[in-house]
Amino acid sequence: MTGFIARRLASLVPLLLVVSLAIFVMLHLGRGDPAMDYLRLSQIPPTDAAVAQARADLGLDRPLAVQYLAWLGDAVRLDFGHSWVTHRAVLDDLAIFVPATLELTAAALALTLALALPLGVAAALARDRWPDHLARAVAFLGVCVPNFWLGYVLILVFAVGLGWLPAMGRGGLSHLLLPAIATAAMSAGVLLRLVRASVLGHLSARHLLFARARGLPRRTVIGRHVLLNAMLPPLTAVGLTLGELLGGAMVVEVVFGWPGVGRYALQAISNRDFPALQGFVVVMTLVFVLCNLAVDIAYAWLDPRLRLGLAGR
Amino acid sequence: MAERLSLEGLVLASGETELVHGIDLAVERGEVAALVGNSGGGKSLSLLAWLDLLPPGVRRLAGTIRLDGTVLEGPGLAGLRGGVVGLVPQSPTSCLNPLVTIGRHFCETLACSGRAARAEAAGRLAEVGFATPERLLGLYPCQLSGGMLQRVVIALALCRDPDFLFADEATTDLDLESQAQVLVLLERLRDRRGIGILLVTHDLAVVARLADTASVLQHGRIVERRPVADLFASPRAAATRALLAAHHALYEGGTAA
Amino acid sequence: MPLPGPTSAWPWTLRLGLAMIVLLVLATLVGPALLSADPAAIDPAARLQPASAAHWLGTDPLGRDLLARLLAGARVSLGAVGLILVLVLAIGGTAGCAAGFLGGVVDAVLMRTCDAFMTIPTLVLALFLIGLLGTGMTNVVIAIVLSHWAWYARLIRGMTLELRQRDYIVAARVAGGSRLAIVRRHVLPAIAGQIAVLASLDLGHWMLHVAGLSFLGLGVAPPTPEWGIMISDARAYVWEAPRLIVLPGLAILLTVMGFNLVGDSLRDRLDPALGGTEAL
Ligand SMILES: Nc1ncnc2c1ncn2[C@@H]1O[C@H](COP(=O)(O)OP(=O)(O)OP(=O)(O)O)[C@@H](O)[C@H]1O
Ligand SMILES: [Mg+2]
């Protein structure tokens with residue numbers, strides 16, 4: 001197992017290098033002349049001398065390769081410089097906003113799993129009967145509904161109409177529930193379908209025949225031999241779902257006035273605050289990659305074929 | 001202990017096509033009945049139908065199953081599985097759950113756990129010829145060779161001490177040594193415990209050595225059923241003669257008639 | 001249910017989805033002409049009116065007709081989604097075919113690039129790109145295209161690699177056909193069907209991205225109507241006129257449903273073995 005984790009960690013290094021290069025290239029091609037933005041935000045008139053000075057300060061006069069290595073060196077230490085707007089270290093700013101987004105994402109993930117797993121299994125076991133139709137209709141709705149709009153509908157119904165839950169802000173569980181539902185809807189729908197398909201696929205597995213032939217009770221056959229195996233394929237999808245949830249959380253934050261990293265990104269976008277922007281993209285990518293690593297480890301822990309390095313047997 | 005398990009007038013169909021057209025089969029205590037026949041003839045399906053384990057697309061249209069004269073239906077058939085009849089399905093390499101250790105397969109089948117279960121499982125594995133069975137219990141199916149898996153499956157099918165054993169080509173994948181070991185095991189089970197065995201095989205050498213009677217199943221019909229010695233000496237049905245000729249051609253270098 | 005199962009050539013889900021899309025397209029093309037109201041006409045006297053004969057769905061805080069704005073907004077959204085579709089297929093198709101057919105360094109570089117683009121969560125990448133390029137619908141489209149092309153490039157590369165082994169393409173290559181001609185004549189037609197199905201599954205997804213990003217204020221500039229920004233503009237009126245939020249959202253929901261009904265039914269037809277991924 002430690003060998004597996006070490007191998008996976010090692011394989012992350014080249015990937016992250018490629019990602020960093022891609023981000024750096026996009027940063028360079030996409031942003032126009034950052035010196036001008038820097039001067040504008042610092043409220044310095046853009047005279048030739050000031051522009052030259054700013055370019056030197058920002059290190060823009062060095063060769064590209066040198067700039068990349070310097071940038072990478074900083075990024076590895078999570079040093080993205082200071083925000084041009086708040087003048088605080090970007091990492092410190094992110095440390096305020098990212099946890100809120102992660103809290104919402106985690107809650108949405110928990111909700112996604114809590115809905116998709118039992119409903120997906122129930123749908124598969126009741127194939128083409130009413131629980132199946134109902135679960136699939138719900139999943140379809142979840143996949144189609146715009147998350148931010150669902151947020152407003154939830155506010156209208158549960159906060160304005162019924163007055164059961166607060167509409168805005170971050171606080172206890174009650175604040176978390178509505179935004180988590182809005183964030184989770186899409187992923188829950190996607191995952192429910194995957195779980196259903198996977199369980200259906202596993203119902204015809206040959207080892208189930210032998211399990212039944214040995215006289216095992218239905219409980220054991222379904223619980224151990226169908227569900228355990230059927231959960232593996234959707235588990236890989238949970239990794240991808242996390243990207244979807246992170247993105248969804250950032251949009252839903254705006255609806256519920258949730259003080260997360262989405263708000264920070266929007267601010268950075270409207271101010272063209274590049275240090276903040278690159279800090280945002282690097283940190284969120286790292287979060288995503290690490291979550292996927294965790295999912296992979298969970299997968300390997302469940303599947304001996306991977307853990308023992310016997311994939312393909 | 002049950003004396004006789006029989007299947008009468010079995011008709012199986014998939015959609016509109018009839019696959020098995022009313023066959024009779026039986027196993028008796030202390031006897032080995034062989035079932036031979038062409039590939040796709042319906043041998044495996046008949047065994048599955050016997051235990052009510054047919055795959056989704058296949059239906060049983062007719063057929064009576066009797067255990068010592070008592071007719072069994074639905075729950076009764078499910079009750080045969082494991083305790084009365086041990087089934088070794090065809091291609092046992094895919095019969096074990098890849099995510100579950102060999103030891104746990106035994107625990108769940110024996111419906112007990114802990115030390116006693118481990119000792120029991122190790123004993124069962126030793127029976128099918130494993131020299132160090134304890135080592136096997138912690139392994140996953142992907143860590144075993146095909147022949148080892150096949151013997152594990154046989155041990156699992158036998159571990160609840162069934163009165164009858166249905167073995168669907170149980171020795172096909174094995175090397176000669178393991179094959180001999182399994183055959184010795186089956187012989188011993190029959191002689192000491194009086195277990196009744198239904199042996200599906202393509203290998204007439206196995207039939208000759210082990211079986212008391214043989215049935216030839218051709219395209220969903222039993223075309224001949226007789227004591228093995230008679231069958232080999234004077235085959236009647238064309239299908240039987242073809243089988244024997246092919247067998248002699250393969251093993252004795254003669255030419256097929 | 002007496003409805004035909006998903007195996008029939010025209011399952012009800014496919015027919016319903018197509019009907020919804022055709023209806024929507026017709027409404028956006030013909031609707032504004034039939035409707036007397038101008039989506040941009042501000043009328044302070046008629047602000048926040050409920051539904052009436054003059055304004056079928058009522059008016060917004062500036063007295064603009066909601067139905068006219070919804071129809072005008074459909075144009076922007078559908079146009080953006082159409083553009084995304086074309087661009088993703090063009091970029092993903094070119095990259096995928098190039099990687100699959102040329103192999104070697106080209107393949108390696110392209111696939112590593114794909115890895116990079118697939119590692120950054122889509123919305124994070126889209127926000128980053130919009131931050132670099134600036135806001136506006138064009139940049140939203142570019143951002144969504146750049147955050148989705150890699151999946152298609154990967155897929156098309158895989159299909160191309162598989163096709164390369166096929167006899168008729170090997171024969172065409174041995175006969176000395178130019179690579180471009182082979183791709184155009186043999187590869188593209190062979191993979192077009194599958195890709196079309198996958199793309200139809202993503203249309204709804206892209207629609208949601210477009211709406212979400214314009215909801216965040218990154219898309220069209222204020223006077224232009226678009227469903228996402230209409231919801232965002234109506235935020236202050238959640239209590240007063242929830243209709244202003246509910247209706248544009250329903251428009252998005254129904255459009256996405258139309259796309260997904262079609263996509264799911266087509267996918268089931270392509271691969272019935274996937275069993276159980278039927279739309280409804
Ligand atoms: N799930 C199924 N659905 C429909 N038809 C089936 C199914 N399984 C098997 N059949 C058909 O039933 C017939 C008998 O199959 P069966 O597996 O019983 O043959 P067999 O005698 O065991 O052959 P072999 O010696 O090759 O194992 C075959 O013609 C096969 O096509
Ligand atoms: Mg068979």
Side-chain angles (χ1 to χ4, degrees), chain A residues 14-16 18-19 21-23 26-27 29-32 123-124 127 133 136-137 140-141 143-150 152-153 155-156 160 167 186 193-194 196-197 200-201 242-244 246-248 250-251 254-255 262 265-266 268-270 272-274 277-278 280-281 284-285 288-289, chain C residues 1 5 112-113 115-117 119-135 146 204-205 207-209 211-213 215-218 227-228 231-232 234-235 238-239 242 245-246 248-250 252-261 264 273-280:
Chain A
L15 178 68
L16 288 177
V18 172
V19 171
L21 192 60
I23 291 177
M26 284 189 270
L27 209 54
L29 296 181
R31 67 182 169 184
R127 184 176 193 178
H133 292 301
R136 277 156 75 194
F140 183 70
L141 214 62
V143 175
C144 294
V145 74
N147 50 15
F148 57 97
W149 178 73
L150 179 59
Y152 282 118
V153 172
I155 289 179
L156 278 173
V160 178
M186 149 95 80
R193 291 168 162 201
L194 283 176
R196 177 180 179 274
L200 279 179
L242 270 167
E244 206 57 54
L246 272 177
M250 291 191 294
V251 179
V254 175
V255 177
L266 286 180
I269 290 172
S270 66
R272 298 181 70 75
D273 183 354
F274 294 121
L277 208 56
Q278 56 175 304
F280 161 74
V281 77
M284 293 314 274
T285 305
F288 180 56
V289 167
Chain C
M1 264 197 286
R112 292 298 79 71
T113 315
D115 284 347
F117 276 85
T119 305
I120 311 175
T122 34
L123 200 89
V124 171
L125 180 56
L127 288 178
F128 176 61
L129 287 167
I130 293 172
L132 297 179
L133 301 170
T135 58
L146 285 182
H205 189 69
M207 174 93 218
L208 288 176
H209 272 301
L213 289 172
F215 167 75
L216 293 179
L218 306 174
W227 294 340
I231 294 179
S232 165
R235 268 190 283 181
V238 181
W239 280 266
I245 285 182
V246 172
L250 272 183
I252 302 174
L253 177 64
L254 289 175
T255 312
V256 175
M257 276 183 161
F259 284 140
N260 282 350
L261 280 173
D264 286 344
L274 266 174
T277 41
E278 305 97 338
L280 268 173

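Between A:V143 and C:N260 the shortest heavy-atom distance is CG1-ND2, 3.7 Å. Looking at every heavy atom in both residues, A:M26 comes nearest to C:L129 through SD-CD2, 3.5 Å.
A:V289 meets the side-chain contact (heavy atoms from CB on, under 4.5 Å) test with A:L12, A:L16, A:T285, C:T119; sequence neighbours excluded. For C:L254, the side-chain contact (heavy atoms from CB on, under 4.5 Å) partners two or more places apart in sequence, or in a different chain, are C:M20, C:M257.
Proximity to chain C involves both the backbone and the side chain of A:L277, based on heavy atoms less than 4.5 angstrom apart. No part of A:A268 comes within reach of chain C, as not one of its non-hydrogen atoms sits under 4.5 angstrom from that chain. With a threshold of 4.5 angstrom between heavy atoms, C:L218 approaches chain A through side-chain atoms but not through N, CA, C or O. Neither the backbone nor the side chain of C:F259 comes within contact range of chain A, judged by heavy atoms closer than 4.5 Å.
Using the six-membered ring where Trp is involved, C:F215 and A:F148 have ring planes that are parallel, under 30° apart on the 30 and 60° scheme.
Side-chain contact between A:M250 and C:L216 is absent, with no heavy atoms from C-beta onward closer than 4.5 Å. Side-chain atoms of A:W149 and C:I252, non-hydrogen and from C-beta on, never get closer than 4.5 Å to each other. Contact of the A:M284 side chain with the C:L127 side chain is not registered, since no non-hydrogen atoms from C-beta on lie closer than 4.5 Å. A heavy-atom distance below 4.5 Å is found between the side chains of C:F128 and A:I23. Here the side chains of C:I120 and A:F288 are not in contact, with every heavy-atom distance at 4.5 Å or above.
Note that CG of C:L123 and CD of A:E244 are 8.5 Å apart. Values are rounded to the nearest 0.5 Å.
Taking a cutoff of 4.0 Å between a charged side-chain nitrogen and a carboxylate oxygen, A:R136 and C:D264 do not qualify as a salt bridge.
With chain A as partner, the option from C:L213, C:L250, C:L125, C:I130 having the largest number of non-hydrogen pairs under 4.5 angstrom is C:L250. Per-residue counts of heavy-atom pairs under 4.5 Å with chain C were compared for A:P146, A:G247, A:G243, A:A22; the largest is that of A:P146. Among the candidates A:D273, A:L150, A:V251, the residue making the largest number of heavy-atom pairs closer than 4.5 Å to chain C is A:V251.
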Run the side-chain contact (heavy atoms from CB on, under 4.5 Å) check on C:L261 and A:F140 step by step: do they pass? CA-CA 9 Å; C:L261 280 173; A:F140 183 70; 3.6 Å; yes
